[in-house]
Amino acid sequence: MEPGSKMSDQGRPSAVGLLFRQINYQNRLFVRTPIAAFFTLVFPLIFLILFGALFEGVDVAPGLEVDPAQFYAPGLAVFAAVSATYTNIGIGVTIYRDEGVLKRIRGTPLPRWVYMGGVVGSGVVVAAVGALIMLAVGFLLYGLEMDIGNALPAVVTFVVGVASFSLLGIALAAVAPSGQSAPALANATLLPVAFVSNVFISVRNNPPAWLDLVGDIFPLKAFADAFFSAFDPFEEASAYKPWLLLRIGVWGLFGALVAVRKFRWEPSTGAGGASGHRGRRGRG
Amino acid sequence: MPAVTVTDLKKSYGTVRAVDGLSFSVGEGEVFALLGPNGAGKSTVVEILEGHRTRDSGKVTVLGTDPGTAGQGYRDRIGIVLQEAGIERELTVREALVHYGACYSRRRPVDEVLDLVGLTGLGDRRTHQLSGGQKRRVDLALGLIGDPDVLFLDEPTTGFDPSARRHAWEMIEGLQDLGTTILLTSHYMDEVQVLADRVAVVVDGRIVAEGTPDELRGNADSETLVRFRFPEVDPNSGPVVELLGGLAGRTSLRNGVLEVYTEQPTTDLNLLTQWAIGQGGALEGLEVTTPTLEDVYLGLIGGDHGAGVEDV
């Protein structure tokens, strides 16, 4: 066969090389989906600027006498990170399943874990970008302060957090019936929890017990509290919070378990492969 | 060794026997078609061969391995063109080909593949800007980018307009020239007649006929059908009886249309035209046709379909 001679045969590509390629590819998909980029990066920034203006010179809460930005910048950095992982992965992967992209991928030699690794890796990259934007704006505009010795604990907390929320995002995709219901599911599970998790408002000062409990059950408050401790000027103890990290990690493992048991690569019947329903990713 | 062998394959969904004891083999470089109506079990067979569906029983080998237990190394050597697999709308055609190509150990050059599927010059277009037919070509291109030894084409032209189908056929014929083994499913008779070296007609999960398109047409091939509107003369009059009796073929007169099934079309046509001219008339609406695979196929699925349904 003449065309056969033109074929290049480099042997099976290495999994690590493919993984980096997948991360790169997911990043490219993200930047070319403006609505996802808006909700992940711009939306929390708007909150930060709004809160910064609204609460200037006001204590965040009685007993937490810090500048609002000192509280909101890390809190919204966490929110951006969770949007980039839990929400984006949950919605994006579900839509790709609906459209049959996952079905196509399953037919290629790409190992499935490499695909998932690309999704998570890209989520982590986007989360880091989002968090860095929040913190940079906090430092530059609102006088955010941080003890440099707390940088490493902050990074450790961040990595545990985004890894766990990425796994929860895949779990969300595993249980979401379709790309149309995925945004609603993501918002319905994230936003109410965010309000009791020290992200939008502080619930540190003697909240009702049930509210405290709800916050403690879910992993977002643990993530926000552990991350904030690196920015808390009154924090006496270490900014490493192993118990909080454990709580986050358990949720991550739960997400992994759901993903392993429930994840489907084929569109559910009726979800349709139509390419017309992608004006989505909007979140209520 | 054949590229694909399937022996007594069975698969049920609940009480429905989707695949019910199916056997066939596909030689290297051959284009083999599974032809059958919707729901005949063709896609289930293909999905089992792709390794994406488990089977209840039977033996399946593709390229010497069992797809049911094969890993990614197996997918490195096959190409799959599914009915409804999406393409990332955010990517250009070229980006998609480069990206998907990267996970294969052998890669066809992107431009060569674009030429092969007729997308020359459209590489830099975003996939969501393509027409339906162009997207299908991208599907085919993605199936080919890894230079597969075996290519699975699941109903490659369903939903195409006639000219798009012609183009698709030309593409697939081009692949044949490259020596790729192709397993095709279709419910279009004309499609398999054009493309396939061999055809298996599948009805209710079983093969009811198998052979080359010519073999399937079989004995019917030798009979030509001559039909025309019969003039309003008494069919029982002496000259007409004499005429029809003189024909080599079988005749039937229905709704004023005379049909002659004949193995000697030349002499029969000669008699008929002479008679018509003698009457001072013509053979109105004259058609001379050989039976197509379609006629045979419709006969096969018509007759066996009822029987099969009772079995289920």
Side-chain angles (χ1 to χ4, degrees), chain A residues 1-4 6-15 17-22 24-34 36-37 92 95-115 118 179 265-267 269 271-279, chain B residues 29 47 50-53 70-92 95-96 98-109 112-113 115-116 126-128 130 132 135 138-139 142-148 152 154 174-175 177-180:
Chain A
M1 293 300 114
E2 284 312 305
K6 283 196 268 174
M7 239 62 68
S8 50
D9 189 340
Q10 288 102 337
R12 297 291 308 283
S14 79
L18 283 176
L19 180 61
F20 278 102
R21 196 171 253 286
Q22 279 301 119
N24 200 13
Y25 148 92
Q26 292 288 349
N27 288 343
R28 185 181 292 171
L29 297 181
F30 174 78
V31 297
R32 290 187 187 172
T33 311
I95 286 171
Y96 283 133
R97 179 177 60 222
D98 275 9
E99 292 184 347
V101 172
L102 298 191
K103 194 173 173 183
R104 179 193 300 288
I105 289 169
R106 194 181 59 159
T108 71
L110 187 76
R112 293 176 194 196
W113 73 265
V114 173
Y115 176 76
W265 294 76
E266 282 179 64
T269 39
S275 52
H277 64 280
R278 292 188 45 117
Chain B
E47 283 169 355
E50 291 162 355
H52 288 149
R53 201 169 285 289
Q72 303 307 121
Y74 170 63
R75 294 202 174 90
D76 194 34
R77 297 181 62 201
I78 62 170
I80 298 176
V81 180
L82 294 161
Q83 282 185 57
E84 279 181 340
I87 310 164
E88 298 83 339
R89 71 198 320 269
E90 296 87 348
L91 298 181
T92 67
E95 284 170 340
V98 169
H99 178 72
Y100 280 95
C103 56
Y104 294 92
S105 51
R106 287 186 308 196
R107 274 155 248 170
R108 275 182 198 287
E112 185 190 298
V113 173
D115 290 345
L116 198 62
R126 291 274 181 96
T127 61
H128 69 97
L130 300 174
K135 275 187 189 146
V138 179
D139 280 338
L142 289 169
L144 290 171
I145 190 72
D147 184 33
F152 296 101
D154 200 2
L175 301 183
D177 299 338
L178 300 177
T180 313

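Lettering follows sequence order; numbering is per chain, from 1.
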In terms of heavy-atom pairs under 4.5 Å with chain B, which of A/Val114, A/Ile105, A/Leu102 leads? A/Ile105
A/Arg32 bridged to B/Glu95 by N-O distance under 4.0 Å: yes
Nearest-0.5 Å distance, CZ of residue A/Arg106 to CG of residue B/Leu82: 8.0 Å
Pick one of side chain, backbone, both or neither for B/Leu142, based on which atoms fall under 4.5 Å of a heavy atom in chain A. side chain
Ignoring hydrogens and angles, tell me if any N or O in the side chain of A/Arg104 forms a donor-acceptor pair with the backbone of B/Gly86 under 3.5 Å. yes
Between chain A and each of B/His52, B/Glu50, B/Arg77, count heavy-atom pairs under 4.5 Å; write down the option with the most. B/His52
What's the spacing between A/Thr33 OG1 and B/Glu88 CD if we round to 0.5 Å? 10.5 Å
Quick one: CZ on B/Arg75 to CG on A/Leu110, what's the gap to the nearest 0.5 Å? 11.0 Å
Between B/Leu91 and A/Arg28, which heavy-atom pair has the shortest distance, and what is it? CD2-CD, 4.0 Å
d(A/Leu29 CG, B/Arg89 CZ) to nearest 0.5 Å is 11.5 Å
Can you name the closest pair of heavy atoms from B/Cys103 and A/Pro109 and give their distance? O-CG, 3.4 Å
